[in-house]
Amino acid sequence: MNGGIDRRGESRGASGEVLSRIERLRRERNAVILAHNYQRPEVQDVADFVGDSLGLSQQAAATSADVIAFCGVHFMAETAAILSPQKTVLLPDLEAGCSLAGTITAAQLREWKAQHPGAVVVSYVNTTAEVKAESDYCCTSGNARAVIEAIPRDREILFLPDMYLGLWLERVTGRDLRIWLGECHVHAGIRPADIERWTNDAPEAELLVHPECGCASQAMAFANGRTKILSTEQMVRFAHDSPKERFLVATETGIIHRLEREVPGKRFEPVREDAVCRFMKTITLEKVRDSLRDGKHEVRVAPDVAARARGAIDRMLALG
Ligand code: 13P
Ligand code: SF4
């Protein structure tokens, strides 16, 4: 699953020279560095803001910087480019894709819509700009439930592309959704048996589960009510506010660094050490430096696609 990448990151301990060059370039370019919670620890540490997909899109919409160096994956940089068309959005490595976003194309979605005329299309943020442009609403794991609940109950909903998130949404909203059968290879690999093993070994710990996990909807049922299904950002807030001292974390392991940094003194353990997204880990400090220095790789979205995709994103952001 992890392609041999250590969750702590291979380029940890980058030289002070790289860090001071990034610092200088950030000032000279009037740049902001945004990093997703799954980025390498040292990339999180150099960022101006670290967060989940929802928080990052809100930051991208609000920043006054001229340049956004986006340390995340391609669909996230595209979302930033859609929200801030007057800014330069840089992705330090174009290999930073997303296997989940790759499970549906705009042509496939058009075909699905044609089979369900009048249905409301809700697309998870892990989709290309072209797919968002075909959608009524965008959503993230942080607000997917609120988005579904904002749609009148008598409307048919096409939800895509993550089937585990879709199944969890059916469970918590009590709605029937038509669900695209896509999955994230990292989260799908976290299975009910991984959770079960931990709940037996560490019965006092709180279990934090991302809704993309292959075990999300089952975990709610079998962990005696002590499972929390949360976006990565919600995990940080929850751990901070909880009286518990020990947490088992079912998502990509990059979040452990953020949790340890922002909730010191508590114990965080990934339920699977190999739940590592190789796309997220392609970005290193050296690539952030090169990106700011050479203005690469600029992510742009065609204006007509951006305008239509923006409608779906704005409808999501309007829900808070
Ligand atoms: P979050 O929205 O929780 O940040 O998740 C994004 C993602 O890519 C999950 O794999
Ligand atoms: Fe995509 Fe999965 Fe990586 Fe998230 S963890 S960016 S969904 S491949």
Side-chain angles (χ1 to χ4, degrees), residues 1-3 5 7 34-40 43-44 47 49-60 70-80 91-104 122-128 131-132 138-147 160-166 168-169 180-190 208-216 228-239 249-259 270-272 274-283 313 316-317 319:
M1 195 184 299
N2 65 2
I5 299 167
R7 79 177 163 93
L34 304 183
H36 189 266
N37 290 322
Y38 299 160
Q39 289 289 294
R40 294 170 183 274
V43 173
Q44 294 189 31
F49 178 84
V50 184
D52 67 355
S53 304
L54 179 60
L56 293 171
S57 48
Q58 288 164 335
Q59 289 290 322
F70 209 107
C71 303
V73 293
H74 193 269
F75 74 80
M76 296 179 179
E78 267 188 347
T79 305
L91 184 65
D93 190 332
L94 286 178
E95 292 298 309
C98 169
S99 62
L100 175 57
T103 61
I104 185 164
V122 180
S123 290
Y124 192 34
V125 68
N126 297 44
T127 44
T128 62
V131 167
K132 289 186 181 76
C138 184
C139 74
T140 72
S141 53
N143 61 18
R145 182 178 181 170
V147 169
L160 64 116
D162 191 83
M163 65 172 152
Y164 295 113
L165 177 58
W168 173 71
L169 285 168
W180 189 258
L181 297 182
E183 63 177 29
C184 153
H185 68 291
V186 178
H187 287 88
I190 301 177
L208 311 179
V209 178
H210 194 280
E212 279 176 36
C213 287
C215 59
K228 301 290 174 301
I229 311 288
L230 302 165
S231 79
T232 53
E233 197 61 32
Q234 290 166 345
M235 287 182 186
V236 179
R237 276 201 298 273
F238 182 87
V249 184
T251 190
E252 212 275 354
T253 60
I255 189 67
I256 301 289
H257 177 69
R258 171 99 196 274
L259 286 163
V271 296
R272 284 190 73 114
D274 64 352
V276 177
C277 174
R278 67 186 166 82
F279 300 112
M280 285 282 178
K281 302 308 196 245
T282 60
I283 294 174
I313 297 168
M316 165 186 86
L317 293 176
L319 293 173

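Bear in mind the structure is a predicted one, so any value in this text is a computation, not a measurement. Just follow the structure's listing: the first ligand is 1, and inside any ligand the first atom is 1. Counting from 1, the numbers follow the sequence of the chain as shown.
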For this session: Could you list which atoms of ligand 1 come closer than 4.0 Å to a heavy atom of Glu212?
Result: 7 (C), 9 (C), 10 (O)
Exercise. Looking at side-chain heavy atoms only, is the closest gap between Thr103 and Leu181 below 4.5 Å?
Worked result: no
For this session: Find all atoms of ligand 2 within a distance of less than 4.0 Å from any non-hydrogen atom belonging to Ser99, and give their numbers and elements.
Result: 8 (S)
Problem set entry | Any His36 heavy atom less than 4.0 Å to ligand 2 | no
For this session: For Ser53 and Tyr124, test the side chains for any donor-to-acceptor distance below 3.5 angstrom and give the result as yes or no.
Result: no
Exercise. What is the closest protein heavy atom to atom 5 (O) of ligand 1, and at what distance does it sit?
Worked result: His210 NE2, 3.4 Å
For this session: State plainly whether the residues Arg278 and Glu252 are in salt-bridge range, i.e. N to O under 4.0 Å.
Result: no
Exercise. Is Asn37 touching ligand 1 with its side chain, its backbone, both, or neither, if touching means heavy atoms under 4.0 Å apart?
Worked result: neither
Exercise. Does any N, O or S atom of Cys277, backbone or side chain, fall under 2.8 Å from atom 1 (Fe) of ligand 2?
Worked result: no
Exercise. Near Thr232, which atoms of ligand 1 are under 4.0 Å from a heavy atom of that residue?
Worked result: 1 (P), 3 (O), 4 (O)
Problem set entry | His185 to ligand 2, any heavy atom closer than 4.0 Å | yes
Problem set entry | Distance-only polar pair, side chains of His210 and Ser231, donor-acceptor under 3.5 Å | no
Exercise. His187: heavy atom below 4.0 Å from ligand 1, yes or no?
Worked result: yes
Seminar exercise, completed: On a heavy-atom basis, the closest approach of Phe70 and Leu91 is O-CD1, 3.4 Å
Exercise. Looking only at protein heavy atoms, which one is nearest to atom 7 (S) of ligand 2, and how far off is it?
Worked result: Asn126 ND2, 3.1 Å
Seminar exercise, completed: With heavy atoms and a 4.0 Å threshold, my read on which part of Glu233 contacts ligand 1 is neither
Exercise. Considering only protein heavy atoms, which is closest to atom 2 (O) of ligand 1, and at what distance to one decimal place?
Worked result: Ser53 OG, 3.0 Å
Problem set entry | Among Cys184, Cys213, Pro270, the one residue meeting side-chain contact (heavy atoms from CB on, under 4.5 Å) with Ile190 | Cys213
Exercise. Any side-chain donor paired with an acceptor under 3.5 Å for Asn37 and Thr232?
Worked result: yes
Exercise. Of all the non-hydrogen atoms in the protein, which one sits nearest to atom 1 (P) of ligand 1, and at what distance?
Worked result: Ser141 OG, 3.5 Å
Exercise. How far is atom 8 (O) of ligand 1 from its nearest protein heavy atom, and which residue and atom is that?
Worked result: Asn126 ND2, 3.2 Å
For this session: Tell me, with the steps shown, if Glu95 and Lys281 meet salt bridge (charged side-chain N to carboxylate O under 4.0 Å, His left out).
Result: CA-CA 10 Å; Glu95 292 298 309; Lys281 302 308 196 245; over 6 Å; no
Seminar exercise, completed: What one should report as the nearest heavy-atom pair of Val43 and Ile283 is CG2-O, 3.8 Å
Problem set entry | Subset of ligand 1 atoms that lie under 4.0 Å from at least one heavy atom of His36 | 1 (P), 4 (O), 5 (O), 6 (C)
Problem set entry | Taking every non-hydrogen atom, the tightest pair across Cys98 and Asn126 | SG-ND2, 3.8 Å
For this session: Using the six-membered ring wherever Trp is involved, compare the ring planes of His185 and Phe279 and label them parallel, tilted or perpendicular (cut-offs 30° and 60°).
Result: perpendicular
For this session: Look at atom 2 (Fe) of ligand 2 and say which protein heavy atom is nearest, naming residue and atom and giving the distance to 0.1 Å.
Result: Cys184 SG, 2.3 Å
For this session: Using a strict 4.0 Å cut-off to heavy atoms of Glu212, name the atoms of ligand 2 that fall inside it.
Result: 7 (S)
Exercise. To the nearest 0.1 Å, how far is atom 1 (Fe) of ligand 2 from its closest protein heavy atom, and which atom is that?
Worked result: Cys98 SG, 2.4 Å
